[in-house]
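Before any comments, here is the structure.
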Amino acid sequence: MLCQIVLFDGFDPLDVIAPYEVLFAGSMAAPGQLSVELVSAEGPREVPSGAGLLTLRATGRLDPRRAGLVLVPGAVGPLGAGADAGGPGREDTVPALLARSLSTGLPALLKEALERPGTIVATVCGGSLVPAMAGLIEGRHVTTNHLGLDALAATGAVAVDARIVDDGDLVSGAGVTSGLDLGLYLLERELGPRIAHAVERLFAHERRGTVWRATGPVPAAF
């Protein structure tokens, strides 16, 4: 399975790096079963994060025809238009950065991924708001950072306050650090508990929170 993690201007680095490292470690534990790469809707380029001068390089273009797993991070910046000293009209707020991604080729590529049988779309934190604001996941169960649950529900998605929400081919994580848990959950779901447990031990990270599945909430037992 090829996992493509999507970079867009203003992305949150931890939303990307946490699942990347988990999934990359899983690929080493299960050679030939998983590979991970960083991509953008535009193709190879240096992509600025929302965290100061930190950038990451996308090595390819998002291609739902190749990817079995597409992962969308959230953004980092002030939380609202009037946040901090910048006042209204700031272009570096989380809502503005997420909305700006809608003017790229990303929504069309996510639509293709969501409609492609066998392809999983995963999101971390505010990343779920990208397909939600594009009108792609109306009626689907999904989560995001607790501060964005109301905004998520306003798009017509079914917002669930849980650490991980599994709605079949749409799997989402809540706050920023949930990227670790999301990555481990996907490893367990797709490659089995042995691989997930090995990576969990390697990272000295104990998963936490509730995994909510479309059939109902399931308390995490890690």
Side-chain angles (χ1 to χ4, degrees), residues 1-8 11-47 49 51 54-74 106 109-110 112-114 116-125 127-128 130-131 143 163-209 211 213 220 222:
M1 173 186 285
L2 171 63
C3 171
Q4 292 191 321
I5 300 179
V6 182
L7 304 179
F8 57 84
F11 70 90
D12 188 318
L14 190 56
D15 287 4
V16 171
I17 295 300
Y20 178 90
E21 285 213 39
V22 168
L23 294 169
F24 180 75
S27 74
M28 292 191 294
Q33 296 188 54
L34 177 67
S35 59
V36 192
E37 63 183 19
L38 302 181
V39 300
S40 77
E42 299 80 16
R45 68 182 181 100
E46 297 293 328
V47 186
S49 77
L54 179 62
T55 65
L56 291 175
R57 177 162 181 78
T59 59
R61 182 177 184 268
L62 174 59
D63 185 354
R65 294 168 297 178
R66 294 176 54 234
L69 171 61
V70 175
L71 192 148
V72 184
L106 182 55
L109 291 168
L110 290 179
E112 183 179 348
L114 285 162
R116 192 170 183 83
T119 300
I120 301 165
V121 173
T123 66
V124 181
C125 199
S128 59
V130 177
T143 193
R163 183 75 167 173
I164 304 293
V165 172
D166 182 343
D167 194 20
D169 61 359
L170 177 63
V171 185
S172 51
V176 180
T177 59
S178 70
L180 289 168
D181 300 315
L182 178 70
L184 288 164
Y185 178 76
L186 289 168
L187 282 183
E188 183 170 38
R189 199 183 93 159
E190 300 303 315
L191 300 183
R194 183 182 65 82
I195 298 298
H197 181 62
V199 174
E200 188 176 46
R201 291 198 65 191
L202 176 67
F203 280 35
H205 173 71
E206 295 183 2
R207 286 181 275 177
R208 58 181 293 268
V211 174
R213 297 185 179 92
F222 307 128

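What you see is a predicted model, and the numbers here were worked out from it, not measured in a lab.
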- Could you tell me whether the side chain of D12 reaches within less than 4.5 Å of the side chain of P73, counting heavy atoms only? no
- What's the spacing between S27 OG and Y20 OH if we round to 0.5 Å? 7.5 Å
- Message: Has T143 got a side-chain atom pairing as donor or acceptor with I164's backbone, closer than 3.5 angstrom?
- Response: no
- Item | Residues D63 and R61 bridged, charged N to O under 4.0 Å | no
- Query: Between atom CG of L38 and atom CG of L71, what is the distance when rounded to the nearest 0.5 Å?
  - Reply: 10.5 Å
- Would you say V130 and T123 make side-chain contact, with heavy atoms under 4.5 Å? no
- Message: Between R163 and T177, do the side chains contain a donor N or O and an acceptor N or O under 3.5 Å apart?
- Response: yes
- Note on the structure: Output for pair (L62 CG, Q4 CD), nearest 0.5 Å, gives 5.5 Å
- Message: Atom CZ of residue position F203 - does it have more than 12 heavy atoms of other residues, nucleotides or ligands inside 6.0 Å?
- Response: yes
- Query: Passes side-chain contact (heavy atoms from CB on, under 4.5 Å), V6 versus V39? Steps please.
  - Reply: CA-CA 5 Å; V6 182; V39 300; 4.3 Å; yes
- Message: Could you go through L187 and L23, starting from their C-alpha distance and side-chain angles, then the distance that decides it, and tell me whether this counts as side-chain contact (heavy atoms from CB on, under 4.5 Å)?
- Response: CA-CA 7 Å; L187 282 183; L23 294 169; 4.0 Å; yes
- Working to the nearest 0.5 Å, report the span between CE of M1 and OG1 of T119. 8.5 Å
- Locate the shortest heavy-atom distance separating V171 from L182; write the atom from each residue and the value. CG1-CD1, 3.5 Å
- Item | Least distance between heavy atoms, E37 atom then T59 atom | CB-OG1, 4.3 Å
- Task: In sequence, state the C-alpha distance, the side-chain angles, and the governing distance for H205 and L184, and then conclude on side-chain contact (heavy atoms from CB on, under 4.5 Å).
- Result: CA-CA 10 Å; H205 173 71; L184 288 164; 3.8 Å; yes
- Contact summary for A30 and I195, nearest pair of heavy atoms: CB-CD1, 4.0 Å
- Query: Short question: side chain of T55, backbone of E46 - any donor-acceptor pair under 3.5 Å?
  - Reply: no
- Query: Which one of H197, R194, R207 satisfies the side-chain contact (heavy atoms from CB on, under 4.5 Å) criterion with E188?
  - Reply: R207
- Note on the structure: Closest heavy-atom pair, R189 versus G168, reported as atoms and distance to 0.1 Å, is NH1-O, 2.8 Å
- Please name the residue in the list I17, L180, L186 that meets the side-chain contact (heavy atoms from CB on, under 4.5 Å) test with V22. L180
- Task: For side-chain contact (heavy atoms from CB on, under 4.5 Å), just list the numbers for V47 and L56, CA-CA rounded to whole Å, side-chain angles, deciding distance to a tenth of an Å, and then say yes or no.
- Result: CA-CA 5 Å; V47 186; L56 291 175; 5.7 Å; no
- Task: Give a yes or no on whether the backbone of G74 and the side-chain of D15 come within a donor-acceptor separation of less than 3.5 Å.
- Result: yes
- What pair of heavy atoms forms the shortest contact from D181 to R208, and how long is it? OD1-N, 3.7 Å
- Query: So which heavy atom on S40 is nearest to which on A58, and how close?
  - Reply: N-CB, 3.7 Å
